[in-house]
Amino acid sequence: MGKENDLTKHEKGQIEAYYDQGLTFAKIGRVWTTISKFVRKKYNENEGQNCGRKEKLTVRAKRSIMTLATKANMSSQEIKTTLGLPVHKRPVLRVLVNDKNVKYAKYKKQPI
């Protein structure tokens with residue numbers, strides 16, 4: 001386990017300058033893992049945004065789910081079968097519950 005601040009500001013400046021010149025990690029003069037971690041943190045601001053499981057429902061599918069739920073007053077199972085979505089009814093239900101413009105209401109059970 002390394003320390004959090006194992007590079008001084010001067011070393012960080014040198015690494016940035018050498019990296020911008022196109023030198024390899026081995027030629028910069030420090031351990032290559034330290035340099036690669038610094039460069040990854042410095043130049044990859046969006047690191048960690050692509051982690052996790054990818055959603056199976058696209059934005060277009062979510063819009064059509066909302067359209068059917070509001071205009072046709074369908075259940076999540078009916079929406080799933082109508083649109084032919086390759087998911088269980090729960091992701092459809094999750095789209096409906098998480099939307100702030102639609103109020104989710106569950107029907108009360110009634111005797112036949």
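For this chain, numbers begin at 1 and follow the sequence in order. What you see is a predicted model, and the numbers here were worked out from it, not measured in a lab.
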My understanding is that only residues two or more places apart in sequence, or in another chain, count here; which of them pass side chain to side chain contact (heavy atoms under 4.5 Å, CB included) with Thr82? Leu68, Met74

Side-chain donor/acceptor pairs under 3.5 Å, residues 89-102, sequence neighbours excluded:
from	atom 1	to	atom 2	distance (Å)
Asn98	ND2	Arg94	O	3.3
Asp99	OD2	Asn101	N	3.0
Asp99	OD2	Val102	N	3.3

Can you tell me how far the CD1 atom of Ile65 sits from the CZ atom of Arg60, to the nearest 0.5 Å? 13.0 Å

Looking at CD of Gln14 and CG of Leu23, how far apart are the two atoms once the value is rounded to the nearest 0.5 Å? 11.5 Å

Within the structure provided, determine whether Phe38 and Glu11 are in side-chain contact (heavy-atom separation under 4.5 Å). no

Between Lys27 and Thr24, is a side-chain contact (heavy atoms from CB on, under 4.5 Å) present by the stated rule, with each step listed? CA-CA 5 Å; Lys27 292 183 180 179; Thr24 61; 3.4 Å; yes

Nearest non-hydrogen partners of Thr33 and Ser36, listed with the distance: O-OG, 2.9 Å

Could you go through Phe25 and Tyr19, starting from their C-alpha distance and side-chain angles, then the distance that decides it, and tell me whether this counts as side-chain contact (heavy atoms from CB on, under 4.5 Å)? CA-CA 8 Å; Phe25 293 161; Tyr19 183 74; 3.8 Å; yes

dist Leu83:CG -> Thr67:OG1 (nearest 0.5 Å) comes out at 9.0 Å

Spacing of Leu85 atom CG and Ser64 atom OG [to the nearest 0.5 Å]: 6.5 Å

What's the shortest heavy-atom distance between Thr34 and Arg30, and which atoms? CG2-NH2, 4.2 Å

Taking the side chain as every heavy atom from C-beta outward, state whether Ile35 and Leu7 have any pair of such atoms under 4.5 Å apart. no

Under the side-chain contact (heavy atoms from CB on, under 4.5 Å) criterion, do Glu55 and Lys62 qualify, and how do the steps go? CA-CA 11 Å; Glu55 292 188 29; Lys62 289 179 183 179; 2.6 Å; yes

